[in-house]
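See below for the structure under consideration.
Protein chains get the first letters and strands the later ones, always in sequence-line order, with residue 1 at the start of each.
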Protein chains: 2
Amino acid sequence: METRLREHGLRITPQRLAVAELMLAEPVHLSPQQVYEQLRSRLPSLSPNTIYLTLDHFEKAGLLRRIHVGGRTVFDSRTERHDHACCRRCGLIQDLPASSVEHAPLTIRRWRIDAESRVFSGLCPACLEREG
Amino acid sequence: METRLREHGLRITPQRLAVAELMLAEPVHLSPQQVYEQLRSRLPSLSPNTIYLTLDHFEKAGLLRRIHVGGRTVFDSRTERHDHACCRRCGLIQDLPASSVEHAPLTIRRWRIDAESRVFSGLCPACLEREG
DNA sequence: CCTCCTTTTAGTAATTAATCCTAAAAGGAA
DNA sequence: TTCCTTTTAGGATTAATTACTAAAAGGAGG
């Protein structure tokens with residue numbers, strides 16, 4: 001795990017190793033608060049601020065992807081392109097391979113889906129004009 | 001406009017009429033704060049709380065749709081199914097008819113799109129089991 | 001046009017998420 | 001080991017949203 005962080009240009013600290021083991025060992029979707037709660041028993045002096053900074057660094061390094069789902073911000077350990085299903089009652093987030101929802105997404109893997117949101121992001125024509 | 005609100009089971013108040021004129025007359029994407037800022041000159045005693053409550057009521061009545069775009073919460077006056085493009089620099093949100101982005105969405109209407117997020121929401125299998 | 005019940009509103013307080021700031025601590029190359 | 005740079009903890013700060021409550025207003029029925 002150390003080598004993986006080093007390969008992405010990140011310094012090694014106990015805090016970062018803990019975050020990496022939690023976030024990168026298997027596919028998860030966790031909010032910064034959830035990460036903080038899960039790690040504070042192991043690192044009692046840990047600060048929430050450190051979690052925010054660490055997740056930002058991991059995102060910039062390409063190790064994590066920040067996603068906005070149902071009004072919450074969570075970090076996803078799978079960075080390749082895929083969709084998500086989100087339960088509006090319990091908040092569960094599940095990965096969906098892009099191919100699984102090409103048509104008629106009203107029932108997906110035993111979910112009852114009643115809404116789909118698709119957002120494309122980038123630069124609008126005006127900002128492109130201004131800054132290339 | 002009054003009749004439209006009444007048809008949706010909503011009581012008429014000056015605050016609601018002001019919100020309705022701002023949000024329902026033409027297609028807009030506004031956050032609660034933006035709605036509040038735009039109306040407080042007309043209704044000096046207006047409270048932000050009222051905006052939140054009113055937008056909630058309008059959403060429940062089917063007059064508005066709440067969308068989460070780029071980490072922000074905005075209300076969309078178009079309730080039929082469509083996608084959005086969001087500029088990560090200036091925050092502009094543009095409607096996209098669903099048909100316009102079926103394939104190769106990397107360039108849409110002179111935007112430079114570099115990310116797509118698709119979220120399906122509803123009830124997960126566990127919650128379905130529990131509550132039908 | 002009254003009356004009365006229910007809903008809505010304003011205002012304040014409380015919560016929550018996220019960022020800013022600074023000094024101390026730690027990483028790691030030479 | 002030394003020294004420079006990055007990272008961390010902690011508190012302060014900002015912003016978004018919800019909770020609470022008493023007062024005000026809507027509107028149905030007389």
Mark yes or no for whether B/R72, through its side chain, and B/G91, through its backbone, hold a donor-acceptor pair below 3.5 Å.
yes
With sequence neighbours excluded, what pairs up with A/H29 under the ring pair (Phe, Tyr, Trp, His ring centres under 6.0 Å) test?
A/H84
Contacts of type salt bridge (Lys or Arg N to Asp or Glu O under 4.0 Å), residue A/E26, not counting sequence neighbours:
none
Residues pairing under ring-ring contact (aromatic ring centres under 6.0 Å, His included) where one sits in residues 41-61 of chain A, two or more places apart or in two chains, turn out to be none
Tell me every residue that passes side-chain hydrogen bond (donor to acceptor under 3.5 Å, both in side chains) with A/N49, counting only those two or more places apart in sequence or in another chain.
none
In B/S/- notation (B base, S sugar-phosphate only, - none; protein heavy atoms under 4.0 Å), nucleotides 13-23 of chain C written 5' to 3' is ----SBBBB--
Just list the side-chain donor-acceptor pairs under 3.5 Å for residues 35-45 of chain A, sequence neighbours left out, or say none.
from, atom 1, to, atom 2, distance (Å)
A/Y36, OH, A/R40, NH1, 2.8
A/R42, NH1, A/E21, OE1, 3.3

What residues from residues 2-20 of chain B pass a heavy-atom cutoff of under 4.0 Å to DNA chain C?
B/R11, B/T13, B/Q15, B/R16
Sorted by chain and number, sequence neighbours left out, salt bridge (Lys or Arg N to Asp or Glu O under 4.0 Å) with B/R66 holds for B/D56, B/E59
Could you give the start and end, 5' to 3', of the contact zone on DNA chain D for chain B, using atoms under 4.0 Å from its heavy atoms?
D/dA16 to D/dG27
Does anything in residues 8-27 of chain B pair up under ring-ring contact (aromatic ring centres under 6.0 Å, His included), and if so which pairs, sequence neighbours excluded?
none
Applying salt bridge (Lys or Arg N to Asp or Glu O under 4.0 Å), name anything that partners B/R78, two or more places apart in sequence or on another chain.
B/E80, B/D95
Listed partners of B/S77 passing side-chain hydrogen bond (donor to acceptor under 3.5 Å, both in side chains), at least two apart:
none
